[in-house]
Enquirer: 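Mind having a look at this structure? Questions to follow.
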Amino acid sequence: MAQVSLKNITKIFPGNIVAVNDVNLGIENKEFVVLVGPSGCGKSTTLRMVAGLEKATEGEIWIGNKLVNEVPPKDRNIAMVFQNYALYPHMTVYENLSFALRLRKFPKSEIDSRVKYAAEILGIKNLFNRKPRELSGGQRQRVAVGRAIVRKPMVFLFDEPLSNLDAKMRVQMRTELNKLHIRLQATMLYVTHDQTEAMTMGNRIVVMKDGLIQQVADPITLYDKPVNKFVAGFIGSPPMNFTDGTIIKKDGKFFFRENGFTVKIVEDMYDKISSYQDREVTFGIRPEDLYDKLFVQEASSDNTVKAVVEIVEPMGAEVFLYINVSNSSLIARVGGHDRPEVGQDLDLVFDMSKAHFFDKDTEKTIV
C-alpha cells in the first residue's frame, strides 16, 4: 500500500523562518492530491520533506507503514519529477530512462522491459536515440515522467512539472498526466501554484498559505464551499468579487448594503447571517453569478443594480466584463455573444443564491 501520512509536520529554516507549520495530511493509496498556493506558501517544502530532500524540524512522515523521517531519499521508494526535468544532457533518452535501474544493477532484460513499458505509455519509443537538446519541452517532460515510471515507486512526486511549458502544451500534459494516473493507479502528490492545474487534476486539493493548510477538499467543494476568503479568492479564474458592507434588516428581511448599492439576501441564509445584523462583513460573488438583466428571464429589482462597463475582454466562448458599480469594481463572466460596449450602462443582476459572506475580522466563511 502507498498511503502517505504527514503528522504535525513543521519546517523551520535558519533565522527562525517557519516555512511549514504543523501540517497534518493523509493521502490515500492511488489518490491524486494537489498542493496549491501562492509562492512561498510551503507547498514545495512539504513535497521535498516527503521526498527526503528536506528534513522535517518536527513531526512524522509515513510512507506506507514505514516512518521515513530518517530514511534517505533513495530508500523511500518514491520518484520525483522536477520543474527543470533534470535530464542528463550527455545521455540518450533510453539511457536517461534506464539510468536509475542500471545504478541498482537490475538485469538488462528487466531494464529493457521497464523502459519500453514506460515509453509505450508516454508515446516516446521513437525518441530513444535522441539526446535532451534534440527534444521539445513536452518531449523532455515525458522523458522525465518516464524515468519515474520505470522505477515503479510507491509514490510519485511532482514539483511544478509543467511550469516551463507553453500554454497549449500545459493543457495537453495535464490531460496526459491524468490519463497516466488512471492507467498506473498510482499514488501521486503534485505541487503547483496554478489553481487551474489543481482544479483539473486533483482528486483532492490542499490549499496552503503562509505554511498552513487552509482547506482540503475535492475541486467542486473548494469552489462552492470555501472555508475562508483566501480560498474563495484563490480558487477560480477570474477570482471571486469581494466588497465590504453591512448586513441590515428591513421589514423582516435581510439585505447587504454597500455604499453604492443594496441587494437582498436569500432566506436560506438567514439563520447564519442574522447574528451579523448591523455589522460589517465581506460580500463575495463569482463572476459567472452576475448577469446583464437583458439576458435574465426573471430578475428581482431587489437584486438589480445600475452599473457601467469599463473594460471588455473577449475570450472566445465567453467574455469578461470589468464593471463599475457605484465606485466598486466587479468582474462578470458572460457568454461570448452577450457583449456590451465599453461605457455602456447595465442593469446588473446578482444571483444571491450563490452569494458568499465572510467575517470581516477572521475572514472565515459565514455562509
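Please read all numbers here as calculations on a predicted model, not as lab measurements.
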Enquirer: Would you say the side chain of R286 lies within less than 4.5 Å of the side chain of K354, judging by non-hydrogen atoms?
Expert: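 They are not in side-chain contact.
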Enquirer: Only one of F357, F254, Y276 passes ring-ring contact (aromatic ring centres under 6.0 Å, His included) with Y270; say which it is.
Expert: F254
Enquirer: Is there a side-chain contact between V34 and F158 (heavy atoms, below 4.5 Å)?
Expert: no
Enquirer: Quick one: closest heavy-atom pair of S44 and E160, and the distance?
Expert: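 Answer, listing the atom of S44 first, then E160: OG-OE2, 4.4 Å.
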Enquirer: For V319 versus G335, what's the shortest heavy-atom pair and its separation?
Expert: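 Scanning both residues completely, I find the closest heavy atoms to be CG2-O, 3.8 Å.
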Enquirer: Between A307 and L348, what is the shortest heavy-atom contact and its length?
Expert: CB-CB, 4.1 Å
Enquirer: Verify, without hydrogens or angle tests, whether R174 (side chain) and M201 (backbone) share a donor-acceptor contact under 3.5 angstrom.
Expert: no
Enquirer: How close do A86 and R147 get, counting heavy atoms only, and between which atoms?
Expert: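 Looks like O-NH2, 2.6 Å.
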Enquirer: Can you establish whether the number of heavy atoms outside R279 located under 6.0 Å from its atom CZ is more than 12?
Expert: yes
Enquirer: Drop me the distance from Q83's CD to T192's OG1, to the nearest 0.5 angstrom.
Expert: 9.5 Å
Enquirer: How long is the straight-line distance from CZ of R140 back to CG of L87, given to the nearest 0.5 Å?
Expert: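 One gets 8.0 Å once the value is rounded to the nearest 0.5 Å.
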Enquirer: When you compare the side chain of F230 with that of I235, does any pair of heavy atoms fall below 4.5 Å?
Expert: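 Side-chain contact under 4.5 Å: no.
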Enquirer: Write down the atom of N24, the atom of K7, and the distance for their closest heavy-atom approach.
Expert: OD1-CA, 3.5 Å
Enquirer: Walk me through it: do E95 and K131 pass the test salt bridge (charged side-chain N to carboxylate O under 4.0 Å, His left out)?
Expert: CA-CA 9 Å; E95 290 167 341; K131 292 186 177 178; over 6 Å; no
Enquirer: Just checking Q185: does its CD atom have more than 12 heavy atoms from other residues, nucleotides or ligands closer to it than 6.0 angstrom?
Expert: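 Enclosed: over 12 neighbouring heavy atoms sit under 6.0 Å from CD of Q185.
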Enquirer: In Å and rounded to the nearest 0.5 Å, what is the CG to CE distance from D218 to M199?
Expert: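 One gets 9.0 Å once the value is rounded to the nearest 0.5 Å.
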Enquirer: Does the plane of the ring in F32 sit parallel, tilted or perpendicular to the ring in Y190? Use 30° and 60° as the thresholds.
Expert: tilted
Enquirer: If you apply the rule side-chain contact (heavy atoms from CB on, under 4.5 Å), what do you find for T187 with I27, and how did you get there?
Expert: CA-CA 8 Å; T187 304; I27 302 166; 3.8 Å; yes
Enquirer: In plain terms, say whether R114 and E110 are close enough for a salt bridge, that is, a side-chain N and a carboxylate O under 4.0 Å apart.
Expert: yes
Enquirer: Take D166 and R170 through the test salt bridge (charged side-chain N to carboxylate O under 4.0 Å, His left out) and record every step on the way to the result.
Expert: CA-CA 6 Å; D166 61 47; R170 280 202 304 272; over 6 Å; no
Enquirer: Give the ring-plane orientation class for F242 versus F358, where under 30° counts as parallel, over 60° as perpendicular and anything between as tilted.
Expert: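 It falls in the perpendicular class, over 60°.
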Enquirer: What pairs with E60 under side chain to side chain donor-acceptor pair (under 3.5 Å), at least two apart in sequence or on another chain?
Expert: W62
Enquirer: If I compare all heavy atoms of Y85 with all of P161, which pair ends up nearest, and what's the gap?
Expert: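 Looking at all heavy atoms of both residues, the closest pair is CE2-O, 4.1 Å.
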